[in-house]
*Asks:* 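Before I ask anything, here is the structure I am working with.
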Amino acid sequence: MRLNIFSPVPPTPSAIALQLATVLPALARRAEITLWVHETNWAQSLEEHATVRRYDPRNLPWDELNAPAHTIYHLGNEPAFHGPIWRVSRQHRGVVILHDLNLQRLFAGMVVDSGLLTRADYLELMDFYHPERGRELGKGFLGGTRTIEEVEMVCPLTGAAIEGAAGVAVHTRNALEQLRNFVDVPTAYVPLCGTEPSRSPSPVSTSREIRRLSIFGFLGANRRLPSVVTALHQLPERERYRLDIYGRVAHEAEFRELLKTLGLTRSVTLHGFVTDEELEAALATTDLAINLRDPTMGEASASQLQIWQHGLPS
């Protein structure tokens with residue numbers, strides 16, 4: 001079997017990229033894989049299991065893509081990582097793996113942040129897939145009178161993400177049931193895989209004075225970092241807690257200003273995206289992991305799998 005796979009890859013700061021790298025060795029034993037990437041660089045270890053090709057969605061090598069093979073597209077909500085993949089998926093039929101069921105932020109971000117989608121095309125998608133209120137809410141969002149939270153709850157744009165798909169895979173049973181209500185292509189529930197931690201978890205200490213809290217992953221607005229640090233600020237014994245944040249933080253400059261306002265710059269540390277080894281070492285000394293999702297995007301959580309693998313309360 002031959003497979004084309006379009007996905008973010010390491011070192012891109014994405015849980016989807018890490019998941020792909022995890023399953024690739026096993027998959028390569030069953031298939032001949034061409035891994036199509038939009039990044040300018042990638043982990044050389046990927047080339048041990050696949051042929052890695054860089055692509056431009058505006059100028060695709062159709063002779064290669066149309067050769068006998070199955071094509072798989074990984075789609076999530078980060079426009080920089082998944083916008084180019086979606087553009088290819090509209091032109092070349094394949095199986096779409098949805099890492100989020102609600103994809104409004106992918107399309108809104110392609111208009112506002114990356115320029116991969118025009119305002120007119122965005123409004124057309126909103127009108128087509130959500131004819132009752134899509135165009136009205138889309139105009140409100142683009143005009144600044146509607147928040148993305150208001151829009152995404154009514155217009156998830158799931159249909160736009162799987163337009164023309166030959167099949168769709170999701171990582172939660174609930175997402176599968178919802179999909180089956182409005183798609184007429186094969187659907188599948190494929191659980192996220194996990195890997196064993198490279199070190200044994202450290203037992204939580206009941207005697208030490210400082211308690212360590214950790215948040216990690218791709219930290220969009222729905223991960224509620226401002227809510228967490230506001231709650232930390234209100235604790236009478238807040239000096240006993242240290243919060244470590246690992247990963248890319250949405251609106252980081254604003255969040256750092258909030259930390260200053262709350263007087264938490266010494267208690268909260270932003271580490272940025274770190275290696276697996278660094279994260280595992282940190283989790284081995286964590287007392288409590290925090291993994292909020294509000295609103296949910298219908299996603300499974302690779303972060304939660306990692307938390308459970310370390311035996312951490314969360």
Side-chain angles (χ1 to χ4, degrees), residues 7-26 37 39-49 52 74 76-78 80-81 99 192-205 208-226 228-229 232 240-253 255-256 258-259 264-293 299-314:
S7 175
V9 297
T12 298
S14 159
I16 295 170
L18 295 175
Q19 280 281 317
L20 176 73
T22 298
V23 303
L24 195 60
V37 303
E39 295 92 331
T40 55
N41 63 83
W42 52 85
Q44 293 302 303
S45 58
L46 298 171
E47 297 186 14
E48 298 174 15
H49 310 290
V52 182
H74 286 263
N77 256 316
E78 172 50 48
F81 303 161
H99 292 265
L192 287 178
C193 71
T195 57
E196 290 298 319
S198 61
R199 64 177 71 207
S200 300
S202 300
V204 175
S205 169
R208 71 170 184 254
E209 290 190 5
I210 298 298
R211 296 295 187 190
R212 304 212 70 90
L213 314 175
S214 291
I215 299 175
F216 63 97
F218 187 81
L219 304 170
N222 74 325
R223 296 294 297 274
R224 296 298 175 187
L225 296 187
V228 173
V229 296
L232 182 59
R240 292 187 59 200
Y241 293 89
R242 297 293 182 269
L243 172 60
D244 293 296
I245 300 175
Y246 301 91
R248 182 171 156 188
V249 176
H251 311 296
E252 182 176 331
F255 183 64
R256 288 186 181 277
L258 177 61
L259 293 179
L264 291 175
T265 53
R266 293 177 58 191
S267 301
V268 180
T269 304
L270 276 63
H271 297 270
F273 191 77
V274 300
T275 65
D276 288 348
E277 292 76 14
E278 290 174 285
L279 182 58
E280 287 196 4
L283 294 180
T285 58
T286 292
D287 295 300
L288 175 72
I290 301 172
N291 188 21
L292 301 183
R293 309 284 173 132
E299 73 277 37
S301 175
S303 301
Q304 192 60 44
L305 277 179
Q306 201 163 359
I307 291 166
W308 282 333
Q309 287 159 355
H310 279 269
L312 283 174
S314 65

*Asks:* Measure the spacing between CG of Leu264 and CZ of Arg242 and express it to the nearest 0.5 Å.
*Replies:* 10.0 Å

*Asks:* Compare every heavy atom of Ala284 with every heavy atom of His310, then report the nearest pair and how far apart it is.
*Replies:* ND1-N, 4.3 Å

*Asks:* Taking side-chain hydrogen bond (donor to acceptor under 3.5 Å, both in side chains) as the definition, give me every residue that meets it alongside Gln304, ordered by chain and number, with sequence neighbours left out.
*Replies:* Asn291, Ser314

*Asks:* Atom CG in Leu213, atom CG in Leu232: separation rounded to 0.5 Å?
*Replies:* 6.5 Å

*Asks:* Who are the salt bridge (Lys or Arg N to Asp or Glu O under 4.0 Å) partners of Glu252, not counting sequence neighbours?
*Replies:* Arg256

*Asks:* Could you tell me which non-hydrogen atom of Phe255 sits nearest to which non-hydrogen atom of Pro226, and how far apart they are?
*Replies:* CE1-N, 4.0 Å

*Asks:* Of all residues at least two apart in sequence or in a different chain, which pass the salt bridge (Lys or Arg N to Asp or Glu O under 4.0 Å) check with Glu299?
*Replies:* Arg293

*Asks:* Counting N and O atoms only, with roles assigned by atom type, does the side chain of Glu78 sit under 3.5 Å from a partner on the main chain of Ala80, one being a donor and the other an acceptor?
*Replies:* yes

*Asks:* Quick check for you: to the nearest 0.5 Å, what is the distance between Ile245 atom CD1 and Arg223 atom CZ?
*Replies:* 10.0 Å

*Asks:* Locate the shortest heavy-atom distance separating Arg212 from Asp244; write the atom from each residue and the value.
*Replies:* NH2-OD2, 2.9 Å

*Asks:* Sequence neighbours left out, what passes ring pair (Phe, Tyr, Trp, His ring centres under 6.0 Å) with His271? Give chain and number order.
*Replies:* Tyr246

*Asks:* Is there a side-chain contact (heavy atoms from CB on, under 4.5 Å) between Asn77 and Phe218 once you walk through the steps?
*Replies:* CA-CA 10 Å; Asn77 256 316; Phe218 187 81; over 6 Å; no

*Asks:* Taking atom CG of Leu225 and atom CG of Leu270, what is their separation to the nearest 0.5 Å?
*Replies:* 8.0 Å

*Asks:* By side-chain hydrogen bond (donor to acceptor under 3.5 Å, both in side chains), which residues pair with Ser214, not counting sequence neighbours?
*Replies:* Thr286

*Asks:* For the CG atom of Leu312 and the CD1 atom of Ile290, what is their distance to the nearest 0.5 Å?
*Replies:* 11.5 Å

*Asks:* Who passes ring pair (Phe, Tyr, Trp, His ring centres under 6.0 Å) against His74, sequence neighbours left out?
*Replies:* His99

*Asks:* Over all heavy atoms of both residues, which pair between Ala221 and Ala250 is shortest? Give the atoms and the distance, please.
*Replies:* N-CB, 4.2 Å

*Asks:* Ignoring hydrogens, what is the shortest heavy-atom contact between Thr12 and Ala17? Give both atom names and the distance.
*Replies:* O-CB, 3.9 Å

*Asks:* Is the backbone N or O of Glu209 less than 3.5 Å from a side-chain atom of Arg240, with the two atoms forming a donor-acceptor pair by type?
*Replies:* yes

*Asks:* Rounded to the nearest 0.5 Å, how far does OG of Ser303 lie from CZ of Phe216?
*Replies:* 4.5 Å

*Asks:* Heavy atoms only: give me the nearest Phe81-Pro8 pair and the separation to one decimal.
*Replies:* CB-CG, 4.0 Å

*Asks:* Kindly indicate, with the supporting measurements, whether the criterion side-chain contact (heavy atoms from CB on, under 4.5 Å) is fulfilled by Leu192 and Gln19.
*Replies:* CA-CA 8 Å; Leu192 287 178; Gln19 280 281 317; 3.7 Å; yes

